[in-house]
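Report on the following structure.
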Amino acid sequence: MPRIAKYDFKKIEKRWKDFWDARGFFKVDTNNAEKKFYYLNMFPYPSGVLHVGHGRNYIAGDAIARYWKMRGLTVLNPMGFDAFGLPAENAAIESKTHPREWTIANIEGMKRQFHEWGIVYDWDREIRTCEPEYYKWNQWLFLQFYKKGLAYRAMAVVNWCPGCETVLANEQVSEGRCWRCDSLVEKKKLQQWFFKITAYADQLLKDLDKLEHWPERVRVMQRNWIGQSQGVEIDFSIEGSAQKLRVFTTRPDTIFGVTFMALAPEHPLVEEFLADEPDPKRREEARAFVQRVLQQGEIARGAANVPKEGFFTGRFAINPMNGEKIPIYIANYVLMEYGTGAIMGVPGHDQRDYEFAKQYGVEIRRVIESDENRGELRSAFEGEGRLVNSGEFTGLSSREAFHKIGEFLQSRGQGRFAVNYRMRDWLISRQRYWGTPIPIVYCDRCGTVPVPESELPVKLPDIPFIGKKGLAEIPEFYKTACPQCGGPAKRETDTMDTFVDSSWYYLRFISPHDDTRPFDPQAVNRWLPVDQYVGGIEHATKHLLYSRFVTKALRDMGYVQFDEPFARLFNQGMIEHMAYRCSEHNWIHPHEVREGNRCPHCGRPLQAELRKMSKSQRNTISPQEVIDQYGADTERLYTLFMGPLERDIEWTDEGVRGSFRFLNRVWALVLSQARKLTDVGVLDTAQFGERERKVWQKLHHTIKAVTEDIEGFQFNTAVAAIMELVNELTDYVTEQPKRVNRALMKRALEDLVLILSPFTPFICEELWRRLGHEDAVLEQSWPAYDPTALRAAEREIVIQINGKVRDRLTVPAEIGEDRAELERRALAQIQRRLDGKQVVKVIIVPGKLVNVVVKE
RNA sequence: GCGGGGGUGGCGGAACUGGCAGACGCGCAGGACUUAGGAUCCUGUGGGGCAACCCGUGGGGGUUCGAGUCCCCCCCUCCGCACCA
């Protein structure tokens with residue numbers, strides 16, 4: 001065997017690193033949408049140094065882009081940076097620089113990393129949301145929304161994050177904590193800007209059904225988030241008052257079971273009742289109760305399983321169905337933000353009301369009965385059934401009663417069918433510097449005045465950044481003249497939520513440098529929706545919901561003609577790594593851990609736990625480290641091979657080495673053959689012997705599998721299939737090195753290199769040249785498989801007895817389809833085993849198996 | 001509580017419409033080459049048994065010639081939402 005040059009990945013990767021960019025393989029003319037394919041990764045926040053876990057979706061995206069390019073599509077695969085946001089400000093405060101410097105430095109670092117990975121983007125289309133040429137159009141968007149009444153300013157109780165010193169949207173609070181810094185969120189009453197996403201609640205919900213290529217869990221999360229409830233609004237009269245007490249219920253069929261009413265402590269009627277309260281002592285007690293609940297508020301009241309508490313107001317409501325007098329309470333579990341801020345209490349059929357009633361000795365009445373629930377009520381029966389004790393409605397089913405009672409109330413002007421949503425309007429104000437200024441001016445004479453479009457952008461003041469300075473502290477910024485009357489005026493000093501920036505950036509990529517408009521509507525209508533969108537699950541009810549809303553709003557304004565931005569969505573999983581913790585020295589990087597899982601500093605045993613890669617737990621792996629040791633191709637291959645892309649997977653150093661070994665095998669295989677493959681003559685399958693046919697079949701089988709797997713996001717099995725092919729070719733070569741069919745080998749190695757190239761582009765580009773080609777891999781067509789080649793000359797037929805494999809039979813392909821012949825041969829072969837048994841039945845699956853059913 | 005995923009060797013995971021469970025890789029064991037190996041290559045590797053064979057996809061039932069796959073009941077686990085009337 002001649003010596004084969006070692007796989008020198010450093011040299012190879014250096015050679016091809018700039019090649020693809022320089023050749024502009026992914027430059028796209030968006031005026032031409034012939035066979036277009038818009039692939040998009042969620043653009044990243046430039047938070048700093050990337051680890052191998054971050055590489056996952058970009059590497060997969062690059063493989064997909066390369067694949068479709070070879071399939072002959074025009075692939076748009078752009079990248080940009082979601083560059084406004086808090087971490088930049090915090091980092092700037094810490095390092096006494098400007099957020100811009102930190103942000104730009106990170107962007108440059110990340111771009112270098114993408115380049116090292118061999119990921120090819122069209123950088124001419126790069127977007128940075130912190131640049132005026134981009135955020136100008138955020139402001140434009142705001143103004144369009146303002147014109148349509150979709151942007152408004154209102155006093156509201158909002159979420160305030162003390163850590164970030166700004167307000168947050170509902171979507172950005174999880175379990176009472178800030179999504180970014182995990183601080184406990186407080187409530188504040190403030191004047192803030194909102195986008196009226198609730199106007200689209202119904203459409204956002206309905207159109208989820210259209211998104212059949214979205215993961216089910218994302219659709220479910222959005223459905224829950226929007227939280228639609230169909231029900232009835234009912235007006236109860238209040239004894240001794242002209243006011244009505246309006247409630248919302250999804251169960252009007254239980255209205256005869258109402259035995260109390262309850263108001264949220266913030267409900268306006270509470271103040272009114274207190275004002276009318278003649279007894280000063282009771283008034284004081286009531287005030288104290290309300291105060292206490294409000295204090296307890298945000299933290300405890302939001303949490304589940306808080307004991308129900310109430311206070312009787314001394315007032316009564318009248319049940320519109322039967323005229324009964326019903327006591328009105330104030331209750332801690334009634335939320336002002338939902339429905340009308342008041343409820344009708346039905347202890348028999350609502351568990352919360354049941355607990356309340358038990359606590360305060362309120363009557364519990366059964367008005368719904370079903371087979372599962374008769375006899376005594378030990379807890380509320382919340383199911384549907386038949387009405388009892390319900391006057392003229394007794395005997396109806398819950399469903400019938402829903403409509404009948406709704407209609408009855410409606411006809412008497414005491415109620416109406418209504419739909420309620422959990423989703424709230426999107427709070428977009430942020431009290432921070434590093435964001436898009438909201439283009440509004442407040443004038444004493446003219447009031448709230450939008451900045452004219454011709455005056456956009458309202459630029460961030462270009463001042464040295466010193467500490468936590470919001471725009472409200474920068475007079476150079478906020479002192480201005482009123483665009484309407486020219487008089488002195490003050491600019492809005494809040495900036496926009498960065499989620500505004502990302503809610504439409506996918507449109508900007510089509511014409512990223514157009515300074516006359518946010519996007520080219522014609523080109524956008526040709527190129528959108530995004531054909532494939534890929535990113536993390538964490539944006540299920542944030543970015544993905546906002547983007548859908550903005551798209552629909554733009555559609556209604558006539559700017560775009562589609563109503564969903566992302567046709568297909570895929571959520572990649574996280575990469576995890578062991579994290580080690582020492583009781584004395586805290587987190588220890590896995591590579592520093594001493595033999596026997598001990599701390600390198602003190603020798604104490606460490607606690608080991610598999611966790612998501614994160615800087616704070618010191619369990620990240622730097623891509624550079626892997627690239628230095630094994631090359632970018634190895635990292636790419638391992639990243640795609642380690643497991644299904646949607647799943648969380650552990651990173652192991654051994655796994656990386658396995659991928660490296662494989663690439664070495666490919667290298668050795670191709671190079672051992674490459675020199676022998678000149679003038680190989682015509683590939684003639686008719687000349688194939690049995691062995692060659694097997695190789696040929698394997699080749700086509702692999703092409704088919706890899707093609708289907710890439711399109712189905714199953715990169716792990718695609719790589720596995722290629723490994724099988726390499727094993728087969730290696731076996732073929734070693735079995736009979738002197739008699740290798742060179743035409744077959746040439747074709748097999750070429751196809752191998754081509755189908756492997758989306759995963760490991762560097763080595764494949766190199767091997768492609770070594771196989772004697774001058775042109776680039778990305779200029780080649782994706783290999784097609786030949787269905788006839790998949791058919792083997794012989795078939796192996798499994799012989800089962802009573803469903804268990806007992807023997808095998810090899811037959812020519814034609815016989816494999818011949819039932820009678822199969823049965824004859826199978827029975828002959830297992831004769832011995834059938835002694836003394838009675839054949840009851842023979843099941844034949846042509847080409848696959850014969851199952852002989854026997855009785856003793 | 002409601003909703004959505006998952007449960008397959010020592011590990012990550014394969015398995016088209018029900019049709020050879022464990023592809024591919026890691027790890028491990030043995031061997032080769034080496035001064036050496038945490039490098040490389042070869043062989044083996046679900047469990048039990050000398051073997052024929054038996055047992056095996058969270059548990060229990062069922063349908064079927066045949067079930068990881070379909071149906072019913074249950075358990076565990078991850079994620080999302082959660083006093084939303």
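Each chain gets a letter, A, B and so on, in the order its sequence line appears, and its residues count up from 1.
Phosphate proximity of B:G38 to A:Arg657: absent, as no side-chain N or O sits under 4.0 Å from OP1 or OP2. For B:C55, one of the phosphate oxygens OP1 or OP2 lies less than 4.0 angstrom from a side-chain nitrogen or oxygen of A:Lys804.
A:Arg825 is linked by a side chain to side chain donor-acceptor pair (under 3.5 Å) to A:Glu821, counting only residues two or more places apart in sequence or in another chain. Residues that satisfy the side-chain contact (heavy atoms from CB on, under 4.5 Å) test with A:Met578, not counting sequence neighbours, are A:Tyr580, A:Ala608, A:Leu610, A:Glu650. When the salt bridge (charged side-chain N to carboxylate O under 4.0 Å, His left out) test is applied to A:Arg56, no partner is found at least two apart in sequence or on another chain.
Between the side chains of A:Glu355 and A:Tyr333, no donor N or O sits under 3.5 Å from an acceptor N or O. A:His591 and A:Glu625 share a side-chain donor-acceptor pair at under 3.5 Å. A:Trp225 and A:Glu171 share a donor-acceptor pair across their side chains, judged by distance under 3.5 Å alone. A:Ser229 and A:Asn420 share no donor-acceptor pair across their side chains, judged by distance under 3.5 Å alone.
For RNA chain B, the stems formed by at least three consecutive Watson-Crick or G-U pairs, with both atom-pair distances below 3.5 Å, span B:1-7 with B:75-81, B:10-12 with B:24-26, B:27-32 with B:40-45, B:46-48 with B:53-55, B:58-62 with B:70-74.
Distance noted for atom P between B:C16 and B:A21: 14 Å (whole Å). B:G38 and B:C28 have their C1' atoms separated by 14 Å, given to the nearest Å. The P atoms of B:G47 and B:C11 are separated by 12 Å, rounded to the nearest whole Å. The gap from the P atom of B:G31 to that of B:G37 amounts to 12 Å, rounded to the nearest Å. When the P atom is compared between B:G68 and B:G60, the two are found 13 Å apart, to the nearest whole Å. Nucleotides B:C55 and B:A39, compared at atom P, are 41 Å apart to the nearest Å. Comparing the C1' positions of B:G9 and B:C2 gives a spacing of 36 Å, expressed to the nearest Å. The P atoms of B:U8 and B:U69 are separated by 14 Å, rounded to the nearest whole Å.
Position along RNA chain B of the nearest nucleotide to A:Asn802 versus A:Ile649 favours A:Ile649 as the more 5'-ward residue. Mapping A:Tyr421 and A:Phe662 onto RNA chain B by nearest heavy atom places A:Phe662 at the nucleotide closer to the 5' end.
B:C81 atom C1' lies 9 Å from atom CE of A:Met221, rounded to whole Å. For the pair A:Tyr333 OH and B:C83 P, the computed distance is 13 Å after rounding to whole Å. As a whole-Å value, the separation of A:Glu654 CD from B:G13 P is 16 Å. Atom-to-atom, CD of A:Glu382 to P of B:C83 comes out at 14 Å; the value is rounded to the nearest Å. A:Met344 places its CE atom 20 Å from the P atom of B:C83, with the value rounded to the nearest Å.
Within 4.0 Å of A:Asn664, counting heavy atoms only, lies no atom of the nucleic acid at all. Heavy atoms of A:Arg808 sit under 4.0 angstrom from at least one base atom. Heavy atoms of A:Thr250 sit under 4.0 angstrom from primed sugar atoms or phosphate atoms, though from no base atom. When heavy atoms are screened at a 4.0 angstrom cut-off, A:Arg217 is found touching the sugar-phosphate backbone but no base atom. Within the 4.0 angstrom heavy-atom criterion, no nucleotide atom of any strand lies near A:Gly227. Among the heavy atoms of the strands lying under 4.0 Å from A:Val220 are primed sugar atoms or P, OP1, OP2 only; no base atom is included.
The side chain of A:Val798 sits closest to B:C20 out of B:A85, B:C20, B:C41. With B:C24, B:A85, B:A82 as the candidates, the nucleotide lying closest to the side chain of A:Arg422 is B:A82. Of all nucleotides listed (B:C26, B:G80, B:A85), B:A85 comes nearest to the side chain of A:Val334. With B:C65, B:A21, B:C26 as the choices, the nucleotide that has an atom nearest any side-chain atom of A:Val805 turns out to be B:A21.
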Sugar-phosphate or base contact per nucleotide [nucleotides 42-47 of chain B; S, B, -; heavy atom under 4.0 Å]: ------
Let me have a per-nucleotide readout for nucleotides 14-19 of chain B, 5' to 3', with B, S or -, counting only protein heavy atoms under 4.0 Å. S-BB-B
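In terms of modelled atom types and a separation under 3.5 Å, the side chain of A:Gln351 and the main chain of A:Ala380 share a donor-acceptor contact.
With rounding to the nearest 0.5 angstrom, the NZ atom of A:Lys704 is 11.5 Å from the OG1 atom of A:Thr702.
The shortest distance between side-chain heavy atoms of A:Tyr638 and A:Val626 does not fall below 4.5 Å. A:Arg416 has its side chain within reach of A:Asp235: a pair of non-hydrogen atoms, C-beta onward, lies under 4.5 Å apart. Between A:Pro320 and A:Ile234, the closest side-chain pair of non-hydrogen atoms falls below 4.5 Å. Between A:Arg217 and A:Asn571, the closest side-chain pair of non-hydrogen atoms falls below 4.5 Å.
Under the 90° criterion around 0 for the glycosidic angle, B:G9 counts as syn.
Considering A:Asn727, A:Val726, A:Thr760 in turn, A:Val726 is the only one that fulfils the side chain to side chain contact (heavy atoms under 4.5 Å, CB included) rule with A:Phe662.
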